[in-house]
Amino acid sequence: MSKILIVSISVGNGHTRAAEALKKAVDLFYPQIQAKHIDFLNFVGLASKKIFFESYDLIIKKLPTLYRTLYDLSDNQVSAEILKKITALNRKLNTDKFQQYLNEFSPDAVIFTHFAPVEVFNSFNKNILSATIITDYENHQLWYTGNNQKYFVAQPAIKNQLIELGAQENNIIISGIPIDPDFYKIPTEAEILFRKQQLRIAKNKKIIAFMPCGQGEIDPIKLSKIILKEKDTVILALTGKNKPLAELYKEIGNDNIKIIGWTDKIYEYLNMSDCIITKPGGLAVSECLVLKKPMILINPIPGQEEKNIINMVGLGAGLVLKNEKDWPVIWNNLQKIILPDSQPKIPATKTIVDYILTQI
């Protein structure tokens with residue numbers, strides 16, 4: 001039985017979700033493969049974990065301007081190489097457990113959904129196939145980890161950017177970003193009608209799915225109140241595990257807000273929606289593209305999510321909302337969007353696993 005190790009880092013949630021999607025697809029469709037997903041942070045020393053990783057969330061939430069500056073400064077070859085050497089040396093000194101795990105599991109291939117562990121893995125000089133999934137729609141210098149590395153990317157522009165950095169063209173596969181296989185299920189009209197009846201949503205209502213959107217310029221409660229001024233509109237408030245946000249929605253006291261807590265059926269709610277309000281994370285926008293749902297993009301993380309916005313707007317797949325007061329204009333323009341058929345015909349998970357199987 002072939003073994004694939006999938007390595008993510010629980011910084012943000014996109015890297016982890018991509019890894020989980022790949023693991024789920026392998027378990028469902030490739031019984032001849034044993035796949036394991038690990039979080040690299042579980043193998044890193046406490047000091048490294050706090051300095052290099054836990055500080056990420058703090059900077060994103062409290063110092064977004066600083067994060068944008070760091071993102072831009074590191075997006076050149078000299079700065080990226082210096083940063084990689086500093087962080088790789090530190091991680092190497094604190095990751096004996098990671099090397100031990102590799103020796104024990106003995107995978108035929110290792111797939112990374114974050115660039116940080118790749119440098120450490122490469123320093124072990126193991127003769128194991130290694131591949132990186134870039135989980136955004138624009139490259140950054142830090143994703144480039146050598147010309148022998150395999151790369152799975154979302155679009156041709158990233159492939160060209162990697163080639164300019166020195167990657168070998170035949171090592172770069174345009175796969176799309178892996179998302180949960182459930183998003184490829186196509187519900188019947190009867191199934192959608194049944195879900196609407198459960199939520200007491202009339203047939204003629206427009207449905208807007210509002211994903212948890214964190215901090216930023218747009219306040220979800222203020223925006224929801226403005227949206228509800230539109231006639232025949234229902235909001236699916238997909239609050240996940242954010243109980244305080246769910247309570248704020250309850251306080252509005254409007255029957256046209258349907259509060260959905262944590263669910264493993266989120267694809268069903270997105271499928272029944274007419275549009276989706278979301279942060280422009282690589283996984284989130286990929287899900288919208290696969291479902292062919294127009295996006296209203298809000299509260300981007302400086303750097304990579306701003307680049308995702310540029311790409312989605314450029315594709316004609318959605319619009320960006322920077323101020324709640326602009327909602328009427330955005331809503332009117334959204335009605336005119338004709339969604340592009342921009343996603344690969346084959347799910348990214350299948351492209352990735354099929355390619356790996358040809359190489360091991």
Side-chain angles (χ1 to χ4, degrees), residues 1-8 13-38 105 107-115 118 128-139 143 149-160 162 167-188 264-268 270-271 281-293 308 311-312 315 317 339-360:
M1 176 178 284
S2 297
K3 295 180 180 179
I4 294 177
L5 180 64
I6 307 163
V7 184
S8 67
N13 66 5
H15 309 293
T16 300
R17 286 171 59 206
E20 289 173 347
L22 189 57
K23 167 75 164 62
K24 183 174 180 177
V26 171
D27 291 344
L28 283 172
F29 306 119
Y30 297 86
Q32 76 277 25
I33 298 175
Q34 180 184 2
K36 285 195 175 181
H37 167 216
I38 62 171
F105 183 57
D108 297 289
V110 183
I111 302 175
F112 298 92
T113 62
H114 193 284
F115 54 80
V118 183
I128 303 173
L129 177 66
S130 172
T132 300
I133 300 171
I134 297 180
T135 55
D136 285 300
Y137 282 79
E138 190 98 5
N139 189 41
W143 281 107
Q149 184 77 2
K150 308 289 184 182
Y151 299 92
F152 295 102
V153 302
Q155 59 176 342
I158 301 177
K159 180 174 183 176
N160 296 334
L162 287 168
Q168 298 177 29
E169 184 174 359
N170 62 350
N171 281 342
I172 309 167
I173 299 89
I174 301 170
S175 61
I177 295 174
I179 63 172
D180 191 308
D182 286 338
F183 281 87
Y184 290 91
K185 295 178 180 178
I186 301 174
T188 64
D264 60 357
K265 304 289 185 184
I266 194 166
Y267 62 94
E268 291 188 8
L270 298 184
N271 248 314
L283 271 290
V285 299
S286 295
E287 290 164 356
C288 294
L289 287 173
V290 166
L291 295 176
K292 297 185 178 179
K293 300 293 181 180
N308 289 341
N311 277 276
M312 293 304 106
L315 283 173
L339 286 171
D341 190 11
S342 58
Q343 283 292 285
K345 301 299 181 185
I346 300 173
T349 49
K350 178 173 173 53
T351 299
I352 292 167
V353 178
D354 286 350
Y355 178 84
I356 293 295
L357 287 176
T358 67
Q359 302 295 305
I360 59 178

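Each residue takes its place number in the sequence, starting with 1.
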Asker: CD1/Ile177 to OG1/Thr135 distance, rounded to the nearest 0.5 angstrom?
Answerer: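 It is 6.0 Å, given to the nearest 0.5 Å.
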
Asker: Are any non-hydrogen side-chain atoms of Asn311 and Gln155 less than 4.5 angstrom apart?
Answerer: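 Sidechains of Gln155 and Asn311: in contact.
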
Asker: Is a donor on one side and an acceptor on the other found under 3.5 Å between the side chain of Asn139 and the backbone of Ile158?
Answerer: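 Checked: no pair found.
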
Asker: Which pair of non-hydrogen atoms, one from Pro178 and one from Leu283, has the smallest distance, and what is that distance?
Answerer: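 That closest heavy-atom pairing would be O-CD1, 3.0 Å.
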
Asker: Applying side chain to side chain donor-acceptor pair (under 3.5 Å), name anything that partners Tyr30, two or more places apart in sequence or on another chain.
Answerer: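 With neighbours one apart ignored, the set is Asp354.
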
Asker: What are the two closest non-hydrogen atoms of Thr349 and Ala21, and how far apart are they?
Answerer: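 So the minimum-distance heavy-atom pair works out to CG2-O, 3.9 Å.
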
Asker: Closer than 3.5 angstrom, by distance alone: can the side chain of Lys159 be matched with the main-chain N or O of Val153 as a donor-acceptor pair?
Answerer: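 No; judged by distance alone, with no hydrogens or angles, the pair does not exist.
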
Asker: Looking at Glu169, I want to see if its CD is surrounded by more than 12 non-hydrogen atoms of other residues, nucleotides or ligands under 6.0 Å.
Answerer: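 Counting neighbours around CD of Glu169, 12 or fewer heavy atoms of other residues, nucleotides or ligands fall under 6.0 Å, so no.
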
Asker: When the ring planes of Trp143 and Phe115 are compared, do they come out parallel, tilted or perpendicular, using 30° and 60° as the limits?
Answerer: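 Geometry flag for Phe115 against Trp143: perpendicular rings.
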
Asker: Rounded to the nearest 0.5 Å, what separates atom CG in Leu5 from atom CZ in Phe105?
Answerer: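 CZ of Phe105 is found 6.0 Å from CG of Leu5.
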
Asker: Roughly how far, to the nearest 0.5 Å, is the CD1 atom of Ile134 from the CZ atom of Phe152?
Answerer: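 Interatomic distance, Phe152 CZ to Ile134 CD1, rounded to 0.5 Å: 11.0 Å.
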
Asker: Give, for atom OG of Ser286 and atom CG of Asp180, the distance between the pair rounded to the nearest 0.5 Å.
Answerer: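 Those atoms lie 13.0 Å apart.
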
Asker: Distance from Leu129 atom CG to Ile360 atom CD1, nearest 0.5 Å?
Answerer: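 So the gap between those two atoms works out to 7.5 Å.
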
Asker: Please check this pair: side chain of Gln34 against backbone of Met1, looking for a donor-acceptor N/O pair closer than 3.5 Å.
Answerer: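 Checking the backbone N and O of Met1 against the side chain of Gln34, no donor-acceptor pair under 3.5 Å is found.
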
Asker: Would you confirm whether Lys293, through its side chain, and Asn271, through its main-chain N or O, come within 3.5 Å as a donor-acceptor pair?
Answerer: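 Yes, the answer is positive, given that a donor and an acceptor are paired below the 3.5 Å cut-off.
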
Asker: Ignoring hydrogens and angles, state whether a donor on the side chain of Ser130 or Gln149 is under 3.5 Å from an acceptor on the partner side chain.
Answerer: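 A pair is found: one side chain offers a donor N or O, the other an acceptor, under 3.5 Å apart.
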
Asker: Check the pair Asp182, Lys185 against salt bridge (charged side-chain N to carboxylate O under 4.0 Å, His left out), reporting the backbone distance first and the verdict last.
Answerer: CA-CA 5 Å; Asp182 286 338; Lys185 295 178 180 178; 2.9 Å; yes

Asker: For Lys24 and Pro181, work out which heavy atoms get closest and say how close.
Answerer: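 Nearest pair, atom of Lys24 first, then Pro181: CD-CD, 3.9 Å.
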
Asker: Of all the heavy-atom pairs spanning Val290 and Phe183, show the shortest one and how long it is.
Answerer: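 It is CG1-O, 3.6 Å.
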
Asker: Knowing that exactly one of His37, Lys23, His114 qualifies, which makes a side-chain contact (heavy atoms from CB on, under 4.5 Å) with Ser8?
Answerer: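 Considering His37, Lys23, His114, a side-chain contact (heavy atoms from CB on, under 4.5 Å) with Ser8 is found only for His37.
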
Asker: Tell me whether the NZ or CZ atom of Lys350 lies within the 45° cone about the ring axis of Phe29 and under 6.0 Å from its centre.
Answerer: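 No, cation not above the ring by the 6.0 Å, 45° rule.
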
Asker: Can you name the nearest heavy-atom pair linking Lys150 to Tyr355, along with the distance?
Answerer: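 The pair with the smallest heavy-atom distance is NZ-OH, 3.4 Å.
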
Asker: Find the distance between CG (Leu291) and CG (Leu270) and round it off to the nearest 0.5 Å.
Answerer: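 Those atoms lie 6.0 Å apart.
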
Asker: How close do Ala167 and Ile172 get, counting heavy atoms only, and between which atoms?
Answerer: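 Smallest interatomic distance, heavy atoms only, reads CB-CD1, 3.8 Å.
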
